[in-house]
Amino acid sequence: MKTLAVISRKGGAGKTTLSINLALASHLGGWRTMLADIDPQRSASDVMRARTGPGPTLAEINAGKLFQTRSHAIHDAYDVMLIDTPAAPDSDVAVAVNSADLCVLVCRPTFLDIASVARSAEMVRRLGKAAVIVLSQAPPKRGALEPVAVQKAVEALRFCGLPVAPVGLRSRAIYQQSIAHGRSVGEWDSASPAAQEISRLWDHLAAQLTLDQQARGARAV
Ligand SMILES: Nc1ncnc2c1ncn2[C@@H]1O[C@H](COP(=O)(O)OP(=O)(O)OP(=O)(O)O)[C@@H](O)[C@H]1O
Ligand SMILES: [Mg+2]
């Protein structure tokens, strides 16, 4: 089983929105998926409760239960565990980072988010974990032109010493609309630009995790 921790110490960066969309991309892609919500705010759990029909298994737990929940998930042959984390405290975030094969550092293209990601990058490095930065709520391109804020953010993030994912999430109303119904952006509108960015991002992360394509194929038949 591969474990992915979605983190940012800045509140509202888009951790839950990303966790939900990635968990659904994984589930709909045929991987046996668990979404662990260790945030006492329970936003991911609220979203999953709004969902009708099958979806990823929800584990509504505190950080102290993560190790045990992960062991059970491995025993029960889950392929993927996604962890939606709180902005604080650090100790809970560290538990998630320690459990992860890959940490996804969520970052809006703003000065304060970038400063916060620099500190998270330090924690991830200290704990010896692989990580990737995903830009979130970025202003959309104007034609082919990348907004200056995004260009500057990508430049500044180079100093964190972690890779920035080749595709991020733009600020789009569909992320808010779909999540209110427990749906991914792809389920809401499969032809939308948001669906394309989530699909490309999931493919990128799955490749980083070297997720077993054969396991997925075997389950899909
Ligand atoms: N790409 C996006 N486009 C538009 N709105 C977004 C996007 N990502 C997140 N939002 C909105 O921003 C707000 C915060 O998002 P979210 O709850 O996912 O962040 P969070 O990092 O999980 O917050 P917290 O730190 O409180 O857990 C929500 O209202 C959400 O709908
Ligand atoms: Mg959240």
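Note that ligands are numbered from 1 as they come in the structure, with each ligand's atoms numbered from 1 the same way. Every value quoted in this text rests on a predicted model; they were computed, and no experiment measured them.
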The protein heavy atom nearest to atom 23 (O) of ligand 1 is G12 N, 3.0 Å
Nearest non-hydrogen protein atom to atom 30 (C) of ligand 1, with distance, is T17 OG1, 3.9 Å
Note to self: Would A87 count as being in polar contact with ligand 1, using the rule that some N or O on each side must be under 3.5 angstrom apart?
What the structure shows: no
The reported gap from CD1 in I133 to CG in D113 (rounded to nearest 0.5 angstrom) is 11.5 Å
Side-chain ion pair, D46 and R49, N-O less than 4.0 Å: yes
- Are V167 and V6 grouped together when hydrophobic residues (ILVMFWY) are joined by side-chain heavy atoms under 4.5 angstrom apart? yes
OG1 (T57) and CG (D76) are apart, to the nearest 0.5 Å, by 9.0 Å
Rounding to 0.5 Å, atoms OG1 (T85) and CZ (R9) come to a distance of 11.0 Å
To atom 4 (C) of ligand 1, the nearest of Q177, R172, E197, R9 on a heavy-atom basis is R172
among protein heavy atoms, the one nearest atom 17 (O) of ligand 1 is T16 CB, 4.1 Å
If you compare Q41, R108, Q137, R42 by their heavy atoms, the one closest to atom 12 (O) of ligand 1 turns out to be Q137
query: For atom 28 (C) of ligand 1, is some protein heavy-atom partner under 4.0 Å away?
result: no
One finds that the ligand 1 atoms under 4.0 Å from a non-hydrogen atom of Y175 are 1 (N), 2 (C), 3 (N)
**Asked** With no hydrogens and no angle check, is any side-chain donor or acceptor of R108 less than 3.5 Å from a backbone partner on G12?
**Response** yes
Within 4.0 Å of some non-hydrogen atom of G11, the atoms of ligand 1 are 25 (O)
**Q.** Co-membership, hydrophobic cluster, residues V164 and L18, 4.5 Å side-chain
**A.** no
Nearest heavy-atom approach of S184 to L24 is N-CD1, 3.4 Å
Looking only at protein heavy atoms, what sits closest to atom 19 (O) of ligand 1 is G14 N, 3.1 Å
(Q) Just checking: T16, one of its N/O/S atoms, less than 2.8 Å away from the Mg ion (ligand 2), yes or no? (A) yes
Within the 4.0 Å heavy-atom cut-off, what D39 brings close to ligand 1 is side chain
field: Protein contact for atom 2 (C) of ligand 1 (heavy atom, distance under 4.0 Å)
entry: yes
So the atoms of ligand 1 within less than 4.0 Å of a heavy atom of R170 turn out to be 1 (N), 2 (C), 3 (N)
of all protein heavy atoms, closest to atom 25 (O) of ligand 1 is K15 NZ, 2.8 Å
- Do S43 and T16 get their side chains close enough for a donor-acceptor pair, meaning under 3.5 Å? no
When distances are taken from atom 5 (N) of ligand 1, the protein heavy atom at minimum range is Q176 NE2, 2.8 Å
Here the gap from L4 atom CG to L35 atom CG, rounded to the nearest 0.5 Å, amounts to 11.0 Å
